[in-house]
Amino acid sequence: MKKILQDLNFEELSSLVLARGEKPFRARQLFEGLMQGKAISEIPISAALKTSLLEEYEGAPVKILETYVSKDGTKKFLFLLADGNIVEGVLMSYKYGNTQCVSTQVGCRMGCKFCASTLNGRIRDLTAGEILGQILCVNRAEGGTLKERKVTNVVLMGSGEPFDNYDNVVKFLRLVTAEGGIHISARNISLSTCGLVPEMKRFALENIPLNLTVSLHAVTDEERKRTMPIANRYKIAEILDACAFYFERTGRRYIFEYSLIAGENCDEQHALALSELLKGKPCHVNLIRLNEVKERELKTTTEKDAYRFLGILEKQGISATLRRSMGSDIGGACGQLRARYLSEN
Ligand code: SAH
């Protein structure tokens with residue numbers, strides 16, 4: 001596989017262009033073209049520079065392979081990578097803008113029992129430029145530019161465990177927030193982790209003020225082990241410690257994801273135990289009714305029970321919301337679309 005130009009920040013790109021005997025303004029042109037989501041061949045640089053770049057670098061490392069539009073306006077994309085691998089992403093519209101959900105790995109090795117992304121394990125990590133490339137192509141396809149962005153918010157909640165690909169993800173975060181590029185503010189970015197404790201602590205020191213989200217999905221270690229193998233490595237208490245450290249270092253509150261699974265984690269006792277666990281902590285709980293995945297036997301809870309669960313948390317003084325499930329008619333849950341595409345093709 002060739003190298004990926006979108007992995008480079010502006011300084012790195014400048015040195016590369018200067019080393020090829022080009023004028024400094026060519027670096028700016030190249031950088032802007034790339035950030036507009038263009039392929040190398042479409043950028044107005046000299047033919048000689050194009051040719052020499054294309055010998056070493058992928059012309060377009062991420063391409064939109066297919067787009068699906070849901071009744072609620074949510075769009076789901078399949079992206080084709082240069083080596084033929086496929087990842088997926090979603091674009092959801094809200095009042096305040098459009099949020100894109102990006103993948104960080106091809107597949108995932110965390111093995112969560114409710115998730116479609118991990119069905120075939122992890123194939124490989126994405127590079128920083130491949131994560132960024134998903135956003136650049138969607139912004140362009142939606143008619144956005146660098147000044148008038150069509151992607152305003154980003155969530156790292158597609159396939160993959162971001163902290164299992166730590167260096168590339170941090171590099172991506174620096175690229176996507178950089179001035180002169182697509183320049184999305186860290187405050188408009190959420191990163192979701194299944195709770196890799198050492199990386200959570202390390203990330204607290206990176207000085208990237210995004211929204212840290214942790215997938216909890218259970219209230220005891222024993223129950224968590226039933227759906228999340230990572231619970232065999234890190235205890236809930238260690239995750240809570242890492243969250244406290246994150247808050248101490250960044251002053252930012254954190255969020256817990258809690259997917260409601262019928263007969264597993266969402267009766268009244270669970271709601272009370274969750275409240276007890278989180279009482280007084282600077283956190284918010286995002287509840288979501290499980291998106292049922294055909295290959296998995298876990299079932300979602302009723303809407304009524306979901307609201308009852310929410311009601312108990314609120315009564316106990318826990319800040320919580322029940323998220324709307326979007327795009328379920330087009331395979332909205334993590335990894336569903338890629339799994340379907342791979343089985344049909
Ligand atoms: N690896 C990261 C990001 C994954 S996806 C993590 O584990 O946090 C983002 C969220 O969707 C996670 O909270 C994940 O547990 C949840 N999720 C995965 N499959 C789901 C499903 N079928 N229904 C509901 N939530 C799901």
Side-chain angles (χ1 to χ4, degrees), residues 76 87-90 92 99-119 121-122 125-126 131 134 154-166 168-169 172 189-197 199-200 203 210-218 223-231 233-234 236 239 242-243 254-262 264-266 274 283-301 303 306 309 320-328 330-340:
K76 187 114 200 193
V87 292
E88 64 189 273
V90 192
M92 295 157 285
T99 299
Q100 186 174 348
C101 175
V102 296
S103 293
T104 54
Q105 295 176 316
V106 182
C108 182
R109 57 174 175 167
M110 296 297 131
C112 299
K113 293 283 184 291
F114 41 77
C115 183
S117 297
T118 197
L119 285 166
R122 186 199 68 157
D125 290 338
L126 297 190
I131 306 172
Q134 297 167 53
V154 172
V155 295
L156 282 75
M157 296 190 184
S159 296
E161 163 51 44
F163 284 164
D164 188 36
N165 182 17
Y166 189 90
N168 288 321
V169 164
F172 154 74
I189 302 177
S190 300
L191 182 153
S192 182
T193 176
C194 63
L196 302 189
V197 167
E199 286 77 12
M200 287 170 69
F203 190 74
L210 52 63
N211 309 302
L212 183 66
T213 302
V214 183
S215 301
L216 198 57
H217 307 323
E223 287 183 355
R224 199 163 185 261
K225 283 177 194 170
R226 289 210 297 258
T227 53
M228 300 181 72
I230 194 65
R233 183 121 56 97
Y234 304 112
I236 291 175
I239 292 179
C243 288
Y254 39 89
I255 298 155
F256 291 108
E257 296 274 320
Y258 197 96
S259 300
L260 300 164
I261 310 170
E264 184 63 42
N265 65 358
C266 52
L274 184 61
C283 68
H284 179 81
V285 179
N286 261 333
L287 299 173
I288 185 161
R289 290 171 56 214
L290 184 81
N291 253 311
E292 287 176 13
V293 171
K294 132 168 145 311
E295 295 82 354
R296 306 290 205 184
E297 55 270 28
L298 296 171
K299 294 279 172 251
T300 192
T301 183
E303 199 165 328
F309 195 95
T321 38
L322 176 63
R323 283 200 316 194
R324 279 183 297 154
S325 176
M326 297 173 83
S328 49
I330 52 168
C334 266
Q336 274 183 347
L337 198 60
R338 173 172 173 271
R340 193 169 73 205

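For ligands, and for the atoms within them, numbers begin at 1 and follow the listed sequence. For the single chain, residues carry numbers from 1 onward in sequence order.
- Taking the ring pair (Phe, Tyr, Trp, His ring centres under 6.0 Å) definition, one finds that Tyr166 meets it with Phe163, sequence neighbours left out.
- Lys225 is linked by a salt bridge (charged side-chain N to carboxylate O under 4.0 Å, His left out) to Glu222, counting only residues two or more places apart in sequence or in another chain.
- When the options Met228, Met110, Met157 are evaluated for a side-chain contact (heavy atoms from CB on, under 4.5 Å) with Ser215, the one that passes is Met228.
- Remark: distances from the non-hydrogen atoms of Glu292 to ligand 1 are all 4.0 Å or more.
- Near Val293, meaning under 4.0 Å from one of its heavy atoms, ligand 1 places the atoms 22 (N).
- For Asn291, heavy-atom contacts with ligand 1 shorter than 4.0 Å involve the backbone as well as the side chain.
- Side chain of Arg122 to main chain of Gly160: no donor-acceptor pair is present (N/O by atom type, distance under 3.5 Å, no hydrogens or angles).
- Residue nearest to atom 4 (C) of ligand 1, selected from Cys115, Gly158, Cys194: Gly158 (by heavy-atom distance).
- At a heavy-atom cutoff of 4.0 Å, ligand 1 is contacted by both the backbone and the side chain of Ser192.
- Side-chain atoms of Val197 and Ile239, non-hydrogen and from C-beta on, do get closer than 4.5 Å to each other.
- Counting heavy atoms under 4.0 Å from ligand 1, residue Thr193 touches it through the backbone alone.
- Taking distance alone, with nitrogen or oxygen atoms compared against 3.5 Å, Leu156 stays at or beyond that limit from ligand 1.
- In this structure, Ala116 does not count as a contact residue of ligand 1, since none of its heavy atoms falls inside 4.0 Å of the ligand.
- Taking a cut-off of under 4.0 Å to the non-hydrogen atoms of Gly160, the atoms of ligand 1 that pass are 1 (N), 2 (C), 3 (C).
- Ile131 has its side chain within reach of Val102: a pair of non-hydrogen atoms, C-beta onward, lies under 4.5 Å apart.
- With respect to Gln105, the side-chain contact (heavy atoms from CB on, under 4.5 Å) criterion is satisfied by exactly one of Val87, Thr118, Asp125: Asp125.
- Of all the listed residues (His217, Glu257, Arg296), His217 holds the heavy atom that lies closest to atom 14 (C) of ligand 1.
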